[in-house]
Amino acid sequence: MSEALLIALLKGIAVGIVIALPVGPVGVLCVRRTLFEGPTYGFVSGLGAVTADTIFGIIAGFGITIVRDFMLRYQDWFAAIGGLFLVYIGVKALVTASDVEPEPLGGESHLGAYASTFALTITNPVTILALAGIFAKVGVSREAGFLDVGVLVAGVFLGSLLWWLGLSFGISGLRRIVGTVRLVWLDRVSGAILALSGLGLLAAALLAFAGVSL
């Protein structure tokens, strides 16, 4: 690998970590699944977000304007759908919180955990604009070659993957040292955060539908 491509890869890794760092609803959901279902559920959930971020990176890096414009045009509908799902997950967590030993939720599969976080992340197409701005700052111009952009996007995938891998297996350590009562409260707090985040998304979408700009 040439020095230029190595630099592009390292830049992509940094961008991937920066994009994954904010602790939003998806992060709370991944942490909750790690604590109450195990590190593999948390990691697979994070992988869903990584996949969506990589898709956004491809769209931003290669300038796929048709896809970008479509997603931005219907972002309020995407926000409403994501908000409803977050409210459902949050309310379910509040209702089912108990003092029993945490274990995988009945009927939930790794594929379902992956699909849910992928759907939540992909319904926030504003990330495309954020990535486009970051790519511009790290030196990706319109004249950048296909290989350069491809390596940069691969770095975004790798950086996000490393973040979620470290977070999920790091948080799993808390499962061994946090008492059952504290886990109950963590369940309730995470459920409340998810529900409130969902209500916020729904409110923003409804205001947008009503023509009120924030």
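Everything quoted here is computed from the prediction, not taken from an experiment.
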Considering the options L47, V26, T51, which one meets the side chain to side chain contact (heavy atoms under 4.5 Å, CB included) requirement together with F118?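 That would be T51; it is the only one of L47, V26, T51 passing the side chain to side chain contact (heavy atoms under 4.5 Å, CB included) with F118.
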Quick one: does [X]'s side chain get under 4.5 Å of [Y]'s, heavy atoms only?
X    : Y   : value
L162 : I17 : no
F157 : D53 : no
T117 : C30 : yes

Determine whether the side chains of R33 and S116 contain a donor N or O and an acceptor N or O closer than 3.5 Å.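 Present: a donor and an acceptor within the cut-off.
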Exercise: do Y114 and S109 side chains pair donor with acceptor under 3.5 Å: no
Measuring from atom [atom1] of [X] to atom [atom2] of [Y], what distance do you get when rounded to the nearest 0.5 angstrom?
X    : Y    : atom1 : atom2 : value
L152 : I7   : CG    : CD1   : 12.0 Å
L10  : L6   : CG    : CG    : 4.5 Å
S45  : L167 : OG    : CG    : 11.0 Å

Parallel, tilted or perpendicular: ring planes of Y41 versus H110, cut at 30 and 60 degrees: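 The arrangement is parallel - the two ring planes meet at less than 30°.
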Specify the closest pair of heavy atoms between [X] and [Y], including all atoms of both residues, with the distance to one decimal.
X   : Y    : value
T34 : G42  : OG1-CA, 3.1 Å
G46 : W164 : O-CD1, 3.5 Å
L5  : L147 : CD1-CD2, 3.7 Å

Could you go through the side chain to side chain contact (heavy atoms under 4.5 Å, CB included) check for V50 and W163 one step at a time? CA-CA 9 Å; V50 171; W163 166 255; over 6 Å; no
Please step through side chain to side chain contact (heavy atoms under 4.5 Å, CB included) for the pair F43 and L161, ending with a clear verdict. CA-CA 9 Å; F43 175 66; L161 187 68; 3.7 Å; yes
